[in-house]
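Please read the structure below before turning to the comments.
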Amino acid sequence: MMRTLRPVAATALLLLLAVFLLPMLLLGSTEKEEAPEESGPLPAATLPIQKPTAQSGAGGDGATLIRVAMPDGTVTSLTMAEYLWRVVAAEMPASFEEEALRAQAVTARTYTLYQMSIGQNPNHPDADMCTDISCCQAYISPEDAAANWGEQAELWGEKIARAVSDTDGQAILYEGQPIDAVFFSSAAGRTLDSVEVWGGSVPYLASVESPEGEEVPNYHTTVTVPVEEFKTVFLTQHPDADLSGAPETWFQNVVPTSTGGVDTVEVGGVTVKGTALRTMFDLRSASFSVTADDTAVTFSVTGYGHGVGMSQYGANAMAKAGSTWQEILTHYYTGVTIGPWSQG
Ligand SMILES: [Zn+2]
């Protein structure tokens, strides 16, 4: 069975769980579709406030060149404006609200500036960014985007170009420097604090409310893992776990995240992170509940992504409700300012 934890009810529920050792978890929340650090902790050395080393290309997007490592191994040089068009087109549905697309453009620009500020990426030492979402950000060529968009191609291509040009040179800043502007697809009511997902506290990546809901495609998903398969996968990584008893007894002592997701849970006596189970069983987020019976372990999942930073569907919901792109960004990133990135 699945339960949805509300923050207000979290404490009471936690007590209930502790008392009854319910073999299930609850959940809560939420990934930047392209978080490179999706499955690992944020290295402390990347904390931007400790490394104010970014240098600007004065003159806005047109004057900043980005070297992009392409899938075929070549490196293509694009202006920031050209690069951002390709990223935004790949990262967010072009049908989204204009203000959401502007917020996405600024987030992608800021993320790029941040990546460039922290030094060479060992995955592609000859390029600033790549097209692999597990490393940098998503990317699509104008030709491929047009093919996907069909008869909307011209309209949507121009819409994305406007989102980039309307925010030319604008970045999300914390203490004057571009932030690690991670983002993800959809949250289960709130975003997560970075410390809950990656173990490193970042002041501007705190947990905040996120307004998207049932209108998100595949907002609720279910993953059913046969008992024997669960045992095989889990024991490979945690050979000390005792999964000899009834599956109903495997899951104990759920500790929820601040948003009601699974922070940690004991599985066969071994404490694991909810994010680890997410990776192990390819769940769309760590906002899940889990039940087990004699035949299968079932995860009921809400939202999509790692849950830290800006929610794309949340941004679209805010835009529909009248928020500007600046309001969206200052909502999702705590204590930041928006401004031209021009100190060099
Ligand atoms: Zn990369």
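The residues of the chain are indexed from 1 along the displayed sequence. Remember, it's 1-based here, ligands and their atoms both numbered in the order they're listed.
- Side chains of Thr112 and Gln137: a donor on one and an acceptor on the other come within 3.5 Å.
- Under the 4.5 Å side-chain criterion, counting only non-hydrogen atoms from C-beta, Met116 is in contact with Ile66.
- Few gaps surround CD on Gln152; more than 12 heavy atoms of other groups in view lie less than 6.0 Å from it.
- For the Zn ion (ligand 1), the nearby protein N/O/S atoms, meaning those under 2.8 Å, are His124 NE2, Cys130 SG, Cys135 SG, Cys136 SG.
- With sequence neighbours left out, Asp128 forms a salt bridge (Lys or Arg N to Asp or Glu O under 4.0 Å) with Arg67.
- In this structure the side chain of Gln170 reaches within 4.5 angstrom of the side chain of Trp325, judged on heavy atoms.
- For Glu98 and Arg162, the salt-bridge test passes: some basic side-chain N is under 4.0 Å from an acidic carboxylate O.
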